[in-house]
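Just below is one structure, and these are the notes that go with it.
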Amino acid sequence: MKDYSDIIDTPVITEKSALKMQNDNVYTFKVAKSATKPQIKTAVERAFGVKVKSVNTLNTKAKDRRVGKYTGKTKTYKKAIVTLEAGNTIEI
């Protein structure tokens, strides 16, 4: 199996994404900034052996964070929201 870690970075596990996984068969991943929707679709299909229905992407914005008197920003990343065909699941 080819390694798709250059496109798919990590799954995003939050309360909202966990509910989407269980109820709507929708999975969320951090992906490379330069990755396109067709590249993400191919990578998910080949890496996990599933059929992808659609891919939506968004670039997150940096948020201000403070630690004591020091302020900084969180890192930005590209997020892909992948909807699978009925009957397909990914074990995360």
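Numbers here simply count residues along the sequence, with the first being 1. Please read all numbers here as calculations on a predicted model, not as lab measurements.
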Check your understanding: Looking at Leu84, Thr83, Val26, which hits side-chain contact (heavy atoms from CB on, under 4.5 Å) with Lys53?
Key -> Thr83
Review point. Closest approach of Ala62 and Thr76, non-hydrogen atoms and distance?
Key: N-CG2, 3.4 Å
Exercise for review: Go through the steps for Val12 and Thr10 under the test side-chain contact (heavy atoms from CB on, under 4.5 Å), then give the verdict.
Suggested key: CA-CA 6 Å; Val12 176; Thr10 58; 5.6 Å; no
**Study point:** Value rounded to 0.5 Å, distance of OH in Tyr27 from CD1 in Ile8
**Key:** 13.0 Å
Check your understanding: Any side-chain heavy atom of Lys78 sitting closer than 4.5 Å to one from Leu58?
Key -> no
Check your understanding: After noting the C-alpha distance and the side-chain angles of Thr57 and Ile81, does the key distance pass the side-chain contact (heavy atoms from CB on, under 4.5 Å) rule?
Key -> CA-CA 6 Å; Thr57 60; Ile81 302 164; over 6 Å; no
**Study point:** NZ-NZ distance between Lys37 and Lys41, expressed to the nearest 0.5 angstrom
**Key:** 11.5 Å
Review point. What pairs of residues pass the side chain to side chain donor-acceptor pair (under 3.5 Å) test when at least one of them lies in residues 59-74, not counting sequence neighbours?
Key: Asp64-Lys73
Practice item. Check the surroundings of atom NZ in Lys20: do more than 12 heavy atoms from other residues, nucleotides or ligands lie under 6.0 Å from it? Key: no
Review point. If two hydrophobic side chains count as joined below 4.5 Å and joins carry through other members, does Val31 share a cluster with Val50?
Key: yes
List the atom pairs, donor and acceptor, that lie under 3.5 Å between side-chain atoms in residues 85-92 and the rest of the protein, sequence neighbours left out.
residue: Asn88; atom: ND2; partner: Glu85; partner atom: O; Å: 3.4

Review point. When rounded to the nearest 0.5 angstrom, what distance separates CD1 in Ile7 from CZ in Phe29?
Key: 12.5 Å
Point to revise | Lys30: salt bridge (Lys or Arg N to Asp or Glu O under 4.0 Å) partners, not counting sequence neighbours | key: none
Check your understanding: Is there a side-chain contact (heavy atoms from CB on, under 4.5 Å) between Gln39 and Thr36 once you walk through the steps?
Key -> CA-CA 5 Å; Gln39 289 173 337; Thr36 62; 3.2 Å; yes
